[in-house]
Amino acid sequence: MSKIILTGDRPTGRLHIGHYVGSLRNRVELQNSGAYDKVFVMIADAQALTDNADNPEKVRQNIAQVALDYLSCGLDPEKSVIFIQSQVSELTELTFFYMNLVTVQRLQRNPTVKQEMILRGFSENEGEENQNKRGVPTGFFTYPISQAADITAFKATTVPVGEDQEPMIEQTREIVRKFNATYGPVLVEPEILLPGNAACLRLPGTDGKAKMSKSLGNCIYLSDSSEEVRAKVKGMFTDPNHLRVEDPGKVENNPVFTYLDAFCKPEHFEQFGDCFHGRKSSFDFHSLDEVKAQYRAGGLGDVMVKNFLAEVLDATLAPIRARRAELEKDIPYVFEVLRKGSDEARRVAAQTLAEVKQAMRINYFDEDVLASLIADFNGRK
Ligand code: ATP
Ligand code: MG
(Lines give C-alpha, C1' and ligand atoms only; values in the text may rest on other atoms or scores of the structure.)
(Ligands and ions follow the chains in the order given, each with its own letter.)
Protein backbone atom coordinates (compact mmCIF):
# COMPACT_ATOMS: atom_id res chain seq x y z
CA MET A 1 0.00 0.00 0.00
CA SER A 2 1.27 3.51 -0.75
CA LYS A 3 2.28 5.75 2.11
CA ILE A 4 0.51 9.08 1.88
CA ILE A 5 0.61 12.16 4.09
CA LEU A 6 -2.15 14.72 4.53
CA THR A 7 -1.85 17.62 6.91
CA GLY A 8 -2.67 21.31 7.00
CA ASP A 9 -3.31 24.56 8.81
CA ARG A 10 -6.11 27.05 9.14
CA PRO A 11 -5.38 30.42 7.51
CA THR A 12 -6.44 32.39 10.59
CA GLY A 13 -3.06 34.07 10.94
CA ARG A 14 0.58 33.68 10.09
CA LEU A 15 2.17 30.49 11.42
CA HIS A 16 4.01 30.51 14.72
CA ILE A 17 6.79 28.53 16.38
CA GLY A 18 4.17 26.15 17.87
CA HIS A 19 3.22 25.13 14.34
CA TYR A 20 6.88 24.79 13.49
CA VAL A 21 7.79 22.34 16.23
CA GLY A 22 4.33 20.71 16.38
CA SER A 23 4.05 19.91 12.72
CA LEU A 24 5.90 21.97 10.12
CA ARG A 25 9.46 20.92 10.97
CA ASN A 26 8.38 17.30 10.96
CA ARG A 27 6.57 17.67 7.64
CA VAL A 28 9.61 19.03 5.88
CA GLU A 29 11.69 16.11 7.17
CA LEU A 30 9.06 13.60 6.05
CA GLN A 31 8.81 15.28 2.64
CA ASN A 32 12.58 15.02 2.20
CA SER A 33 12.89 11.50 3.64
CA GLY A 34 11.65 9.89 0.43
CA ALA A 35 9.68 7.41 2.55
CA TYR A 36 6.29 8.71 1.34
CA ASP A 37 4.71 8.29 -2.07
CA LYS A 38 2.73 11.52 -1.82
CA VAL A 39 2.56 14.49 0.55
CA PHE A 40 -0.53 16.72 0.56
CA VAL A 41 -0.49 19.96 2.55
CA MET A 42 -3.76 21.84 2.80
CA ILE A 43 -4.56 25.43 3.67
CA ALA A 44 -7.86 24.82 5.46
CA ASP A 45 -9.76 27.99 4.54
CA ALA A 46 -13.18 26.31 4.60
CA GLN A 47 -12.49 25.07 8.11
CA ALA A 48 -11.25 28.54 9.16
CA LEU A 49 -14.58 29.96 7.96
CA THR A 50 -16.50 27.70 10.36
CA ASP A 51 -15.64 30.10 13.19
CA ASN A 52 -14.82 33.16 11.09
CA ALA A 53 -17.90 33.33 8.86
CA ASP A 54 -18.24 37.05 9.52
CA ASN A 55 -14.61 37.72 8.68
CA PRO A 56 -13.84 36.14 5.30
CA GLU A 57 -11.30 38.87 4.61
CA LYS A 58 -9.09 37.60 7.45
CA VAL A 59 -9.11 34.11 5.97
CA ARG A 60 -8.50 35.41 2.45
CA GLN A 61 -5.55 37.58 3.50
CA ASN A 62 -3.89 34.75 5.37
CA ILE A 63 -3.82 32.28 2.46
CA ALA A 64 -0.65 33.89 1.06
CA GLN A 65 0.81 34.30 4.55
CA VAL A 66 0.50 30.60 5.33
CA ALA A 67 1.80 29.62 1.87
CA LEU A 68 4.83 31.88 2.44
CA ASP A 69 5.41 30.27 5.84
CA TYR A 70 5.29 26.82 4.21
CA LEU A 71 7.69 27.61 1.42
CA SER A 72 10.11 29.49 3.65
CA CYS A 73 10.27 26.52 6.07
CA GLY A 74 11.24 24.22 3.21
CA LEU A 75 8.03 22.69 1.89
CA ASP A 76 8.87 22.11 -1.76
CA PRO A 77 6.11 22.20 -4.39
CA GLU A 78 8.12 19.72 -6.47
CA LYS A 79 7.76 17.18 -3.65
CA SER A 80 4.53 18.21 -1.89
CA VAL A 81 1.10 19.11 -3.22
CA ILE A 82 0.18 22.39 -1.52
CA PHE A 83 -3.47 23.29 -2.04
CA ILE A 84 -6.46 25.33 -0.83
CA GLN A 85 -9.30 23.35 0.77
CA SER A 86 -12.22 25.38 -0.66
CA GLN A 87 -10.96 24.80 -4.20
CA VAL A 88 -11.61 21.07 -3.88
CA SER A 89 -15.40 20.91 -3.70
CA GLU A 90 -15.29 17.09 -3.57
CA LEU A 91 -14.30 17.46 0.08
CA THR A 92 -17.65 19.09 0.87
CA GLU A 93 -19.55 16.27 -0.80
CA LEU A 94 -17.67 13.66 1.19
CA THR A 95 -18.38 15.59 4.39
CA PHE A 96 -22.09 15.52 3.67
CA PHE A 97 -22.12 11.73 3.22
CA TYR A 98 -19.96 11.11 6.31
CA MET A 99 -22.33 13.19 8.44
CA ASN A 100 -24.78 10.29 8.30
CA LEU A 101 -22.22 8.03 9.98
CA VAL A 102 -21.62 10.20 13.07
CA THR A 103 -24.04 11.01 15.89
CA VAL A 104 -24.48 14.43 17.45
CA GLN A 105 -23.64 12.83 20.81
CA ARG A 106 -20.33 11.55 19.47
CA LEU A 107 -19.40 15.02 18.23
CA GLN A 108 -20.31 16.53 21.59
CA ARG A 109 -17.77 14.27 23.29
CA ASN A 110 -14.79 15.57 21.27
CA PRO A 111 -12.53 17.18 23.92
CA THR A 112 -10.66 19.49 21.51
CA VAL A 113 -13.88 20.86 20.04
CA LYS A 114 -15.24 21.33 23.59
CA GLN A 115 -12.17 23.35 24.56
CA GLU A 116 -12.21 25.39 21.37
CA MET A 117 -15.89 26.20 21.88
CA ILE A 118 -15.16 27.64 25.32
CA LEU A 119 -12.24 29.60 23.90
CA ARG A 120 -14.37 31.10 21.16
CA GLY A 121 -17.29 31.89 23.46
CA PHE A 122 -19.53 29.31 21.74
CA SER A 123 -19.97 27.10 24.78
CA GLU A 124 -22.65 26.86 27.42
CA ASN A 125 -19.97 26.00 29.97
CA GLU A 126 -19.02 28.59 32.52
CA GLY A 127 -15.72 30.40 32.13
CA GLU A 128 -14.52 33.96 31.96
CA GLU A 129 -13.99 33.71 28.22
CA ASN A 130 -17.72 33.21 27.99
CA GLN A 131 -19.05 36.64 28.78
CA ASN A 132 -20.44 37.03 25.26
CA LYS A 133 -21.93 33.61 24.65
CA ARG A 134 -22.78 32.98 21.03
CA GLY A 135 -24.47 29.94 19.56
CA VAL A 136 -22.26 27.22 18.04
CA PRO A 137 -22.17 27.44 14.23
CA THR A 138 -23.20 24.04 12.88
CA GLY A 139 -20.22 24.06 10.54
CA PHE A 140 -17.86 24.52 13.46
CA PHE A 141 -19.53 21.77 15.47
CA THR A 142 -19.15 19.34 12.57
CA TYR A 143 -15.64 20.29 11.50
CA PRO A 144 -14.17 16.98 12.74
CA ILE A 145 -16.29 15.31 10.03
CA SER A 146 -14.99 17.68 7.40
CA GLN A 147 -11.48 16.89 8.60
CA ALA A 148 -12.23 13.19 8.07
CA ALA A 149 -13.22 14.04 4.51
CA ASP A 150 -9.94 15.91 3.97
CA ILE A 151 -7.87 13.00 5.23
CA THR A 152 -9.74 10.19 3.49
CA ALA A 153 -10.12 11.99 0.15
CA PHE A 154 -6.38 11.53 -0.33
CA LYS A 155 -6.34 8.05 1.23
CA ALA A 156 -3.81 9.39 3.71
CA THR A 157 -2.04 6.79 5.81
CA THR A 158 -0.20 9.30 7.99
CA VAL A 159 -1.26 12.62 9.49
CA PRO A 160 1.59 14.59 11.12
CA VAL A 161 -0.07 17.05 13.52
CA GLY A 162 0.06 18.40 17.06
CA GLU A 163 -1.47 16.64 20.06
CA ASP A 164 -4.71 18.67 19.92
CA GLN A 165 -5.57 16.81 16.72
CA GLU A 166 -5.67 13.34 18.31
CA PRO A 167 -9.49 13.33 18.76
CA MET A 168 -9.91 14.33 15.09
CA ILE A 169 -7.84 11.42 13.86
CA GLU A 170 -9.74 9.03 16.13
CA GLN A 171 -13.02 10.39 14.72
CA THR A 172 -11.70 9.86 11.19
CA ARG A 173 -10.74 6.28 11.97
CA GLU A 174 -14.25 5.58 13.28
CA ILE A 175 -15.81 7.05 10.14
CA VAL A 176 -13.54 4.94 7.94
CA ARG A 177 -14.46 1.75 9.81
CA LYS A 178 -18.17 2.58 9.70
CA PHE A 179 -18.07 3.50 6.00
CA ASN A 180 -16.11 0.42 4.98
CA ALA A 181 -18.34 -1.90 7.05
CA THR A 182 -21.51 -0.35 5.63
CA TYR A 183 -20.62 0.20 1.98
CA GLY A 184 -17.43 -1.74 1.23
CA PRO A 185 -13.68 -1.28 1.65
CA VAL A 186 -12.94 2.04 -0.02
CA LEU A 187 -11.41 4.26 2.65
CA VAL A 188 -8.03 4.02 4.38
CA GLU A 189 -7.61 4.28 8.17
CA PRO A 190 -4.98 6.94 8.95
CA GLU A 191 -2.39 6.98 11.73
CA ILE A 192 -1.49 10.12 13.65
CA LEU A 193 2.19 11.06 13.71
CA LEU A 194 3.05 13.15 16.78
CA PRO A 195 6.32 15.03 17.29
CA GLY A 196 8.93 12.86 19.03
CA ASN A 197 9.92 15.61 21.49
CA ALA A 198 7.38 15.99 24.34
CA ALA A 199 7.88 19.79 24.49
CA CYS A 200 6.63 20.01 20.91
CA LEU A 201 3.32 18.24 21.41
CA ARG A 202 1.63 21.44 22.50
CA LEU A 203 3.92 24.43 22.75
CA PRO A 204 2.61 26.87 25.39
CA GLY A 205 2.03 30.57 24.69
CA THR A 206 4.44 33.34 25.66
CA ASP A 207 1.87 34.19 28.37
CA GLY A 208 2.19 30.71 29.92
CA LYS A 209 -1.23 29.56 28.64
CA ALA A 210 -1.37 25.90 27.72
CA LYS A 211 -1.26 26.43 23.94
CA MET A 212 0.32 28.96 21.67
CA SER A 213 -2.54 29.83 19.36
CA LYS A 214 -3.19 32.37 16.64
CA SER A 215 -6.57 33.06 18.21
CA LEU A 216 -5.05 33.90 21.63
CA GLY A 217 -2.42 36.44 20.56
CA ASN A 218 0.34 34.72 22.56
CA CYS A 219 2.53 33.75 19.64
CA ILE A 220 6.01 34.18 18.31
CA TYR A 221 5.49 34.14 14.55
CA LEU A 222 7.90 32.55 12.11
CA SER A 223 7.93 35.87 10.26
CA ASP A 224 8.62 38.05 13.34
CA SER A 225 11.68 40.27 13.03
CA SER A 226 14.71 39.71 15.21
CA GLU A 227 13.64 42.71 17.35
CA GLU A 228 10.10 41.36 17.74
CA VAL A 229 11.38 37.94 18.80
CA ARG A 230 13.68 39.53 21.40
CA ALA A 231 10.94 41.80 22.76
CA LYS A 232 8.47 38.90 23.04
CA VAL A 233 11.00 36.66 24.80
CA LYS A 234 11.84 39.48 27.20
CA GLY A 235 8.18 39.81 28.15
CA MET A 236 7.62 36.06 28.56
CA PHE A 237 5.92 34.48 31.53
CA THR A 238 8.37 32.43 33.65
CA ASP A 239 8.18 30.96 37.15
CA PRO A 240 6.16 33.59 39.08
CA ASN A 241 7.83 32.56 42.37
CA HIS A 242 11.34 33.11 41.04
CA LEU A 243 11.42 36.68 42.33
CA ARG A 244 15.09 37.15 43.19
CA VAL A 245 17.99 35.70 41.22
CA GLU A 246 19.15 33.68 44.22
CA ASP A 247 15.73 32.04 44.68
CA PRO A 248 15.33 28.46 43.42
CA GLY A 249 13.31 28.42 40.18
CA LYS A 250 10.89 25.97 38.61
CA VAL A 251 11.58 24.53 35.19
CA GLU A 252 8.30 22.61 34.87
CA ASN A 253 5.49 24.61 33.25
CA ASN A 254 7.95 27.41 32.67
CA PRO A 255 7.53 28.24 28.96
CA VAL A 256 11.07 29.62 28.65
CA PHE A 257 12.38 26.13 29.39
CA THR A 258 9.74 24.43 27.27
CA TYR A 259 10.88 26.53 24.30
CA LEU A 260 14.49 25.61 25.05
CA ASP A 261 13.49 21.93 25.16
CA ALA A 262 11.90 22.37 21.73
CA PHE A 263 14.62 24.46 20.04
CA CYS A 264 17.98 24.24 21.83
CA LYS A 265 20.75 22.22 20.14
CA PRO A 266 24.14 21.29 21.64
CA GLU A 267 26.00 23.69 19.31
CA HIS A 268 24.03 26.65 20.71
CA PHE A 269 26.13 26.51 23.91
CA GLU A 270 29.25 27.17 21.90
CA GLN A 271 27.60 29.88 19.84
CA PHE A 272 25.68 31.74 22.54
CA GLY A 273 27.36 30.66 25.81
CA ASP A 274 28.29 34.31 26.38
CA CYS A 275 24.71 35.01 27.43
CA PHE A 276 25.56 33.31 30.72
CA HIS A 277 28.60 35.48 31.42
CA GLY A 278 27.50 38.45 33.52
CA ARG A 279 29.14 40.94 35.83
CA LYS A 280 27.66 39.50 39.01
CA SER A 281 27.56 35.84 38.05
CA SER A 282 29.06 33.78 35.28
CA PHE A 283 28.41 30.20 34.16
CA ASP A 284 29.93 27.85 31.61
CA PHE A 285 27.09 25.62 30.52
CA HIS A 286 27.47 22.80 28.00
CA SER A 287 23.97 21.37 28.03
CA LEU A 288 20.40 22.30 28.79
CA ASP A 289 20.41 19.93 31.77
CA GLU A 290 23.16 22.03 33.36
CA VAL A 291 21.17 25.23 32.83
CA LYS A 292 18.08 23.62 34.36
CA ALA A 293 20.00 22.31 37.37
CA GLN A 294 21.40 25.79 38.09
CA TYR A 295 17.99 27.44 37.66
CA ARG A 296 16.47 24.94 40.10
CA ALA A 297 19.25 25.48 42.61
CA GLY A 298 18.97 29.28 42.43
CA GLY A 299 21.46 31.94 41.37
CA LEU A 300 20.59 31.92 37.68
CA GLY A 301 18.42 34.86 36.66
CA ASP A 302 15.58 34.86 34.13
CA VAL A 303 17.28 37.60 32.11
CA MET A 304 20.26 35.39 31.24
CA VAL A 305 18.08 32.43 30.30
CA LYS A 306 15.83 34.66 28.21
CA ASN A 307 18.79 36.23 26.41
CA PHE A 308 20.02 32.75 25.55
CA LEU A 309 16.56 31.66 24.37
CA ALA A 310 16.26 34.78 22.19
CA GLU A 311 19.56 33.86 20.48
CA VAL A 312 18.48 30.25 19.99
CA LEU A 313 15.14 31.26 18.49
CA ASP A 314 16.69 33.91 16.31
CA ALA A 315 19.26 31.44 14.95
CA THR A 316 16.41 29.08 14.04
CA LEU A 317 14.23 31.75 12.48
CA ALA A 318 16.90 33.76 10.61
CA PRO A 319 17.15 31.45 7.55
CA ILE A 320 13.33 31.10 7.42
CA ARG A 321 13.00 34.89 7.53
CA ALA A 322 15.56 35.31 4.74
CA ARG A 323 13.78 32.83 2.45
CA ARG A 324 10.47 34.56 3.16
CA ALA A 325 11.92 37.94 2.16
CA GLU A 326 12.97 36.43 -1.21
CA LEU A 327 9.60 34.75 -1.79
CA GLU A 328 7.68 37.92 -0.93
CA LYS A 329 9.20 39.47 -4.04
CA ASP A 330 7.32 36.98 -6.22
CA ILE A 331 3.77 36.56 -4.91
CA PRO A 332 2.41 35.48 -8.35
CA TYR A 333 4.70 32.43 -8.06
CA VAL A 334 3.24 31.62 -4.63
CA PHE A 335 -0.31 31.69 -6.01
CA GLU A 336 0.75 29.62 -9.03
CA VAL A 337 2.02 26.95 -6.63
CA LEU A 338 -1.38 26.97 -4.90
CA ARG A 339 -3.29 26.82 -8.15
CA LYS A 340 -1.32 23.86 -9.49
CA GLY A 341 -1.56 22.11 -6.13
CA SER A 342 -5.33 22.65 -5.97
CA ASP A 343 -5.74 21.21 -9.50
CA GLU A 344 -3.79 18.10 -8.56
CA ALA A 345 -5.65 17.70 -5.24
CA ARG A 346 -8.98 17.96 -7.07
CA ARG A 347 -8.01 15.13 -9.43
CA VAL A 348 -7.17 12.81 -6.54
CA ALA A 349 -10.23 13.73 -4.46
CA ALA A 350 -12.54 13.27 -7.47
CA GLN A 351 -11.26 9.71 -7.89
CA THR A 352 -12.00 8.89 -4.23
CA LEU A 353 -15.41 10.55 -4.41
CA ALA A 354 -16.27 8.42 -7.46
CA GLU A 355 -15.31 5.29 -5.52
CA VAL A 356 -17.37 6.46 -2.53
CA LYS A 357 -20.43 7.09 -4.66
CA GLN A 358 -20.02 3.75 -6.34
CA ALA A 359 -19.81 1.98 -2.98
CA MET A 360 -22.90 3.87 -1.78
CA ARG A 361 -24.66 2.95 -5.01
CA ILE A 362 -25.48 6.57 -5.85
CA ASN A 363 -23.56 6.60 -9.13
CA TYR A 364 -26.82 6.30 -11.11
CA PHE A 365 -25.53 7.57 -14.40
CA ASP A 366 -22.37 5.52 -14.67
CA GLU A 367 -22.46 3.40 -17.82
CA ASP A 368 -23.67 -0.05 -16.68
CA VAL A 369 -25.45 1.27 -13.61
CA LEU A 370 -28.16 3.12 -15.49
CA ALA A 371 -28.93 0.07 -17.64
CA SER A 372 -29.26 -2.14 -14.54
CA LEU A 373 -31.43 0.46 -12.76
CA ILE A 374 -33.81 0.47 -15.71
CA ALA A 375 -33.78 -3.33 -15.92
CA ASP A 376 -34.47 -3.55 -12.15
CA PHE A 377 -37.38 -1.17 -12.45
CA ASN A 378 -38.89 -3.02 -15.39
CA GLY A 379 -38.35 -6.39 -13.70
CA ARG A 380 -40.23 -5.27 -10.59
CA LYS A 381 -43.19 -3.76 -12.41
P1 ATP B 1 -6.50 28.52 15.55
O2 ATP B 1 -6.33 29.29 16.81
O3 ATP B 1 -7.09 29.30 14.42
O4 ATP B 1 -7.14 27.18 15.74
P5 ATP B 1 -3.93 27.27 15.72
O6 ATP B 1 -2.81 28.14 16.15
O7 ATP B 1 -4.53 26.31 16.68
O8 ATP B 1 -5.02 28.23 15.06
P9 ATP B 1 -4.20 25.36 13.57
O10 ATP B 1 -4.17 25.84 12.17
O11 ATP B 1 -5.50 25.03 14.21
O12 ATP B 1 -3.43 26.47 14.46
O13 ATP B 1 -3.24 24.09 13.74
C14 ATP B 1 -2.35 23.66 12.71
C15 ATP B 1 -1.43 22.57 13.17
O16 ATP B 1 -0.48 23.06 14.12
C17 ATP B 1 -2.10 21.38 13.87
O18 ATP B 1 -1.40 20.22 13.49
C19 ATP B 1 -1.89 21.65 15.32
O20 ATP B 1 -1.85 20.46 16.05
C21 ATP B 1 -0.51 22.31 15.31
N22 ATP B 1 -0.38 23.27 16.41
C23 ATP B 1 -1.09 24.41 16.59
N24 ATP B 1 -0.70 25.03 17.71
C25 ATP B 1 0.28 24.27 18.26
C26 ATP B 1 1.10 24.38 19.44
N27 ATP B 1 0.97 25.40 20.26
N28 ATP B 1 2.01 23.41 19.69
C29 ATP B 1 2.15 22.35 18.85
N30 ATP B 1 1.41 22.19 17.73
C31 ATP B 1 0.49 23.13 17.43
MG1 MG C 1 -6.43 25.12 16.10
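For the single chain, residues carry numbers from 1 onward in sequence order. Just so you know, ligand 1 is whichever comes first in the structure, and atom 1 is the first atom listed for that ligand.
With a 4.0 Å heavy-atom cut-off, ligand 1 is reached by no atom of V21. The side chain of Q165, and not its backbone, has at least one atom closer than 4.0 Å to an atom of ligand 1 (non-hydrogen atoms only; side chain from C-beta on). At a heavy-atom cutoff of 4.0 Å, ligand 1 is contacted by the side chain of D164 but not by its backbone.
In terms of protein heavy-atom proximity, atom 26 (C) of ligand 1 is nearest to L203 N, 3.6 Å. Looking only at heavy atoms of the protein, atom 11 (O) of ligand 1 is closest to R10 CD, 3.3 Å. Scanning the protein heavy atoms around atom 30 (N) of ligand 1, the nearest turns out to be G18 O, 3.4 Å. The nearest heavy-atom contact from the protein to atom 14 (C) of ligand 1 is D9 OD1, 3.0 Å. Scanning all protein heavy atoms for the shortest distance to atom 9 (P) of ligand 1 gives K214 NZ, 3.8 Å.
Checking Q147 against Q171 by side-chain atom types alone, no donor-acceptor pair falls below 3.5 Å. Judged purely by distance below 3.5 Å, without hydrogens or angles, the side chains of R346 and S342 never pair a donor atom with an acceptor atom.
Proximity to H16 (heavy-atom distance under 4.0 Å) selects the following atoms of ligand 1: 6 (O), 24 (N). Of all atoms in ligand 1, listed by their number and element, those nearer than 4.0 Å to a heavy atom of R202 are 28 (N), 29 (C). Short contacts between ligand 1 and V161, defined as distances under 4.0 Å to a heavy atom of the residue, involve ligand atoms 18 (O). When each atom of ligand 1 is checked for a heavy atom of G162 under 4.0 Å away, the hits are 18 (O), 19 (C), 20 (O). Atoms of ligand 1 lying under 4.0 Å from any heavy atom of T12, numbered from 1 in the order shown and given with element: 1 (P), 3 (O), 8 (O). Using a 4.0 Å cut-off to heavy atoms of C200, the atoms of ligand 1 that qualify are 29 (C). Heavy-atom contacts of G22 reach the following atoms of ligand 1: 29 (C), 30 (N) (cutoff under 4.0 Å).
A centroid separation of 6.0 Å or more is found between the aromatic rings of Y259 and F263. Between F269 and F285, the distance separating the two ring centers is not shorter than 6.0 angstrom.
Of all non-hydrogen atoms in Q31 and D76, the two that sit nearest each other are OE1-N, 2.7 Å.
Separation of atoms CG (D314) and CG (L309) is listed at 10.5 Å; rounding is to 0.5 Å. Rounded to the nearest 0.5 Å, atoms OH (Y221) and CZ (R14) are 6.0 Å apart. Here the CG atom belonging to L119 is positioned 11.5 Å from the OG1 atom belonging to T112, to the nearest 0.5 angstrom. In this structure, I4 CD1 and M1 CE are separated by 8.0 Å, a value rounded to the nearest 0.5 Å.
Residues F97 and Y183 fail the side-chain proximity criterion, which asks for heavy atoms closer than 4.5 Å. Taking the side chain as every heavy atom from C-beta outward, K250 and Y295 never approach each other to under 4.5 Å.
Contact analysis leaves R27 out of contact with ligand 1, as no non-hydrogen atom separation drops below 4.0 angstrom. In this structure, L201 counts as a contact residue of ligand 1, since one of its heavy atoms falls inside 4.0 Å of the ligand.
Residue pairs meeting the side chain to side chain donor-acceptor pair (under 3.5 Å) criterion with at least one member in residues 367-379, sequence neighbours excluded, do not occur.
Ligand 1 has no nitrogen or oxygen under 3.5 angstrom from a nitrogen or oxygen of P160. Between R120 and ligand 1, an N or O atom pair is found at a separation short of 3.5 Å.
Considering only non-hydrogen atoms, atom 16 (O) of ligand 1 lies nearest to H19 out of H19, K209, K211.
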